[in-house]
Amino acid sequence: MAAVGVAGAGYVGLTTAACLAGLGHDVVCAEVDQSKVDELSRGEVSLGEPDLAPLVRDGLAAGRLRFTADPGALDGREFVFACVPTPAGPDGAADLGAVEAVLAALHPGPRTVLVVKSTVPVGTCARIAETAGIPVVSNPEFLREGHAVHDFRHPDRIVLGGEEPAVTRVAALYADLGAPVVRTDHASAELGKYASNAFLALKLSYVNLLARLCERTGADIDAVTRAMSLDERIGPHFLHAGPGWGGSCLPKDTRALVATGAAAGVDLTVLRSAIEANDRQHDHVVARVREAAGGRLDGVRIGLFGLTFKAGTHDLRDSPALAVAGRLAAAGAVLTGYDPGVTGGDQAGPVQRVDDPVLAAKGARVLVVLTEWPEFGGLDWSQLAAVAEGDAVVDTRGVLDPAALRGSGLRCLRLGHPA
């Protein structure tokens, strides 16, 4: 059993703390928000992550997990995990203020290893190791929101960048997971994280461009991506057309990688094009909605189904649904939205949020599915059709059955299919 400290109790920090405690380690998680510390200390978890709340409660009950607002509680721990945000700055580069704050408050012991899980630019960990005078291991996270606990327990790989013996010591923390370990240098571990996320963004932008081409040529994007997915060199993942990619990782990480390339004299043109294509995808969705509304949006009521950046989470950060909503509102549309993952206190930009799908559809000329919640496929679309003003449903996620909608008196318009 190792003495572990975790700085930050967000998605990554809380999952890391709870899962390491579940592996038998003694874990202290420090968080600056005292109200969050109080809630977590009572076993209350607001993040909608499957299995996370019971894991936290098990750790508390076993005495292997505790929460504090005192950063001094991390002093002298054998391992301190930095799991704090690194948002994009005005120029796209990562803001390392929170990481620097962790380092400034840390009073390491003779065996302390700083483990950086936060996504940081190439060169960060080497610089920290030199200035702080303690071993630093880059250990980027590859957790998906909505699947964080599963991904921690069943990782594709564990990436560790740094020098021995620190890397071997950190690897031992994960020994029970039985996952392949990539041992490398700081820079390669840091870049590996950005490269992975950027590649996923490239795939998504490419598929969305293919979907537009399908709409113009009469091809079926589902058939096209099916043919692609059976090629083992490509695979089936991230081949679904949608309103654009978003969330807390891909937008900031792609911009940060472009900024890193520029600083190193490498113009990542392909990645810049993917970012631009993603921005244009929002406009394309608006164009499809405008077409469905009869050619104008000013004063037109639109019902939105889905506001979060993806299903299985209540996260609205950099949501493509809200990016589309912002453009619709700018064109004069009146927006009402429903999302099963969004609670009363969450802000949804220009959207009047409702807790009933019928209210979202009431008086709407067009209904638009923007998040892939499976619940939407099971809605009573006959009931929604009865209260809607128009008969068009724009399904940007491909989660609805067009035949079932036709039976309800609605016509389904899908991305990657001719109008």
Side-chain angles (χ1 to χ4, degrees), residues 144-147 197-216 219-226 228-229 234-251 253-254 273-292 302-313 315-328 337-342 348-349 351 366-377 392-402 412-419:
R144 299 167 296 164
E145 286 192 33
H147 302 82
N197 278 356
F199 186 71
L200 298 179
L202 286 168
K203 288 185 74 172
L204 290 168
S205 283
Y206 178 57
V207 169
N208 283 336
L209 287 171
L210 285 178
R212 291 189 225 171
L213 184 59
C214 287
E215 293 170 11
R216 296 291 186 89
D220 182 329
I221 188 60
D222 296 331
V224 171
T225 54
R226 173 64 173 163
M228 294 170 64
S229 69
I234 299 173
H237 303 296
F238 283 72
L239 290 182
H240 299 286
W245 39 268
S248 62
C249 293
L250 296 192
D253 289 354
T254 51
S273 295
I275 295 170
E276 293 165 4
N278 193 56
D279 291 337
R280 291 194 298 271
Q281 185 68 4
H282 304 147
D283 294 325
H284 177 66
V285 172
V286 171
R288 293 297 302 266
V289 176
R290 180 183 286 109
E291 178 185 17
I302 307 293
L304 306 181
F305 287 76
L307 302 171
T308 55
F309 88 94
K310 72 172 185 177
T313 176
D315 199 342
L316 297 170
R317 290 176 293 177
D318 273 308
S319 169
L322 293 186
V324 170
R327 286 163 168 78
L328 290 170
Y338 166 74
D339 189 299
V342 180
V351 183
V366 181
L367 307 180
V368 188
V369 176
L370 290 169
T371 309
E372 71 281 17
W373 288 98
E375 293 94 321
F376 293 157
V393 179
V394 178
D395 180 8
T396 72
R397 296 288 191 167
V399 297
L400 304 181
D401 180 356
C412 185
L413 308 174
R414 303 172 66 197
L415 298 185
H417 300 262

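The residues of the chain are indexed from 1 along the displayed sequence.
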**Message:** So, taking the atom named OG1 in Thr225 and the one named NE2 in His240, what distance separates them when rounded to the nearest 0.5 Å?
**Reply:** 7.0 Å
**Message:** How long is the straight-line distance from CZ of Phe376 back to CG of Leu370, given to the nearest 0.5 Å?
**Reply:** 9.0 Å
**Given Val394, Ile221, Thr396, Asp222, the one that forms side-chain contact (heavy atoms from CB on, under 4.5 Å) with Arg414** = Asp222
**Message:** Please determine whether a side-chain nitrogen of the Lys or Arg among Glu291 and Arg288 lies less than 4.0 Å from a carboxylate oxygen of the Asp or Glu.
**Reply:** yes
**Request:** Only one of Leu204, Asn278, Ile275, Asp318 passes side-chain contact (heavy atoms from CB on, under 4.5 Å) with Leu250; say which it is.
**Result:** Leu204
**Request:** Please report the C-alpha distance between Leu307 and Leu322 in whole Å, then the side-chain angles of each, then the deciding distance to 0.1 Å, and finally whether the side-chain contact (heavy atoms from CB on, under 4.5 Å) criterion is met.
**Result:** CA-CA 6 Å; Leu307 302 171; Leu322 293 186; 4.2 Å; yes
**Item:** Minimum heavy-atom distance Ala201-Thr254, with the two atoms named
**Value:** CB-CG2, 3.7 Å
**Request:** State, to 0.1 Å, how close Phe238 and Lys203 come at their nearest heavy-atom pair, and which atoms those are.
**Result:** O-CB, 3.8 Å
**Asked** Heavy-atom count around His284 NE2 within 6.0 Å, excluding the residue itself: above 12?
**Response** yes
**Asked** Are Glu145 and Phe309 close enough, and set up right, to give a side-chain contact (heavy atoms from CB on, under 4.5 Å), and what steps lead you there?
**Response** CA-CA 10 Å; Glu145 286 192 33; Phe309 88 94; 3.6 Å; yes
**Item:** Gap between atom CG of Asp395 and atom CD of Glu372 - 0.5 Å precision
**Value:** 10.5 Å
**Passing option when Leu304 is tested against Val366, Leu328, Val369, Thr371 for side-chain contact (heavy atoms from CB on, under 4.5 Å)** = Leu328
**Message:** So, taking the atom named OG in Ser205 and the one named CZ in Arg280, what distance separates them when rounded to the nearest 0.5 Å?
**Reply:** 9.0 Å
**Request:** Please assess Val286 against Val324 for the test side-chain contact (heavy atoms from CB on, under 4.5 Å), listing each intermediate value before the final yes or no.
**Result:** CA-CA 7 Å; Val286 171; Val324 170; 4.2 Å; yes
**Item:** Glu215 side-chain N/O to Pro418 backbone N/O, donor-acceptor pair under 3.5 Å
**Value:** no
**Request:** Give me the one residue out of Val351, Leu316, Thr313 that meets side-chain contact (heavy atoms from CB on, under 4.5 Å) with Val342.
**Result:** Leu316
**Request:** Return the minimal non-hydrogen interatomic distance between Arg397 and Pro320, and the atom names on each side.
**Result:** NH2-CG, 4.1 Å
**Complete:** d(Ser229 OG, Ile234 CD1) to nearest 0.5 Å is 8.5 Å
**Complete:** Between Ala241 and Asn208, the two heavy atoms sitting closest are CA-OD1, 3.3 Å
**Request:** Using the six-membered ring wherever Trp is involved, compare the ring planes of Phe305 and Tyr338 and label them parallel, tilted or perpendicular (cut-offs 30° and 60°).
**Result:** perpendicular
**Message:** What's the separation between atom CG in Asp279 and atom CZ in Arg327, rounded to the nearest 0.5 Å?
**Reply:** 6.0 Å
